[in-house]
Amino acid sequence: MSIGASDVRAWIGDFAAAVAEHRVELVRLDTAIGDGDHGTNMDRGMKAAVEKLEATEGEDVGALLKGVGMTLVSKVGGAAGPLYGTLFLQMGTAAAGRTELDLDGWADALEAGVKGVQARGKAEPEDKTMVDALLPAVDALRAAAAAGADLGDALRRSADAAEDGMRATTPLEARRGRASYLGPRSVGHQDPGATSSALLLRAAAERFG
Ligand code: ADP
Ligand code: MG
């Protein structure tokens, strides 16, 4: 099995629906350690991304992902818009010209995306950011591929790893973004961006798994 353009469209639609469903929870998490806009930011951005995909033709997976990224960069303010925008732009660059992604192709794209997020935001593991969900997901994909897992199984493991990483942000002190202004008072709260990133990977596992 592989991931084609119609799969990517469906995945982005599923993520947009998951963000809408969890909007209030994402706002609540960001109210505790930020300014309370993460759920509304992401909901607005993903609705615009879905509209962009509906207006985009073609089977090039990379072009679709780049369209999502450009929409998020242009439509969403704050930290998460440019960071999620970079994630999708770099995934799209890695997948440029491809109409299908197998497990290795998907892992390459996600890894390029996460590297882009880190290059832009300078977050390292355990800084209490979306990187804490995304990096373990990439590692899990690589480990699953090395163990001979099929695509669906690998995606489920990567979503599980992202959720573990998301939960593991709770005891951390934030070192990047708005939450870092709170210093030790950021401890004891789950990071909103790690939470939305876990939703992104769960959407892939449920769609392709
Ligand atoms: P803002 O912080 O500008 O209000 P959002 O509330 O939409 O933006 O997004 C906050 C999330 O962005 C955080 O929970 C964190 O996961 C992520 N984030 C913030 N700064 C960084 C960074 N430098 N690198 C990676 N992720 C970051
Ligand atoms: Mg915020």
Side-chain angles (χ1 to χ4, degrees), residues 12 15-50 65 68-91 93 109-139 158-159 161-204:
I12 295 299
F15 177 51
V19 165
E21 190 189 330
H22 290 84
R23 181 173 54 82
V24 172
E25 179 196 348
L26 295 172
V27 162
R28 181 179 57 76
L29 293 171
D30 196 37
T31 300
I33 58 169
D35 57 356
D37 62 356
H38 188 61
T40 36
N41 280 346
M42 292 299 296
D43 189 31
R44 192 177 66 250
M46 290 312 301
K47 285 194 162 80
V50 167
L65 291 168
V68 171
M70 285 187 296
T71 303
L72 293 175
V73 168
S74 66
K75 291 272 155 70
V76 185
L83 290 166
Y84 270 100
T86 300
L87 176 76
F88 287 109
L89 279 170
Q90 293 302 319
M91 286 186 81
T93 300
L110 190 64
E111 181 167 33
V114 180
K115 283 202 170 122
V117 171
Q118 288 194 278
R120 182 147 193 162
K122 309 281 179 256
E124 295 297 327
E126 308 206 333
D127 281 352
K128 197 180 183 98
T129 72
M130 57 196 281
V131 168
D132 291 321
L134 294 170
L135 262 187
V138 173
D139 292 344
S158 82
E163 285 166 6
D164 288 346
M166 167 195 86
R167 282 187 285 270
T169 61
T170 299
L172 298 174
E173 180 174 333
R175 289 191 291 244
R176 289 283 167 194
R178 250 175 227 288
S180 66
Y181 308 159
L182 292 180
R185 282 185 292 131
S186 63
V187 171
H189 302 280
Q190 185 171 298
D191 180 63
T195 307
S196 53
S197 288
L199 293 175
L200 179 69
L201 293 156
R202 181 57 65 195

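For ligands, and for the atoms within them, numbers begin at 1 and follow the listed sequence.
Between Asp191 and Met166 there is no side-chain heavy-atom pair separated by less than 4.5 Å. Between Ile33 and Arg178, the closest side-chain pair of non-hydrogen atoms is not below 4.5 Å. Counting heavy atoms from C-beta outward, Arg44 and Lys75 have side chains that stay 4.5 Å or more apart.
The Mg ion (ligand 2) is closest to atom OD1 of Asp35 (considering only N, O or S atoms).
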Derivation of the side-chain contact (heavy atoms from CB on, under 4.5 Å) call for Leu29 and His38: CA-CA 8 Å; Leu29 293 171; His38 188 61; over 6 Å; no
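Geometry about the Mg ion (ligand 2) gives an angle of 90° between OD2 of Asp30 and OD1 of Asp37, rounded in steps of 10 degrees.
With hydrogens and angles ignored, the 3.5 Å screen pairs a side-chain donor or acceptor of Asp132 with a backbone N or O of Thr129. Between the side chain of Lys128 and the main chain of Thr169, a donor-acceptor pair closer than 3.5 Å is present.
Sorted by chain and number, the heavy-atom contacts of ligand 1 below 4.0 Å come from Asp30, Asp35, Asp37, His38, Asn41, Gly78, Ala79, Ala80, Leu83, Gly121, Ala123, Thr129, Met130, Arg176, Gly177, Arg178, Asp191, Pro192, Gly193, Ala194.
Considering only residues two or more places apart in sequence or on other chains, Leu89 meets the side chain to side chain contact (heavy atoms under 4.5 Å, CB included) condition with Lys66, Met70, Val73.
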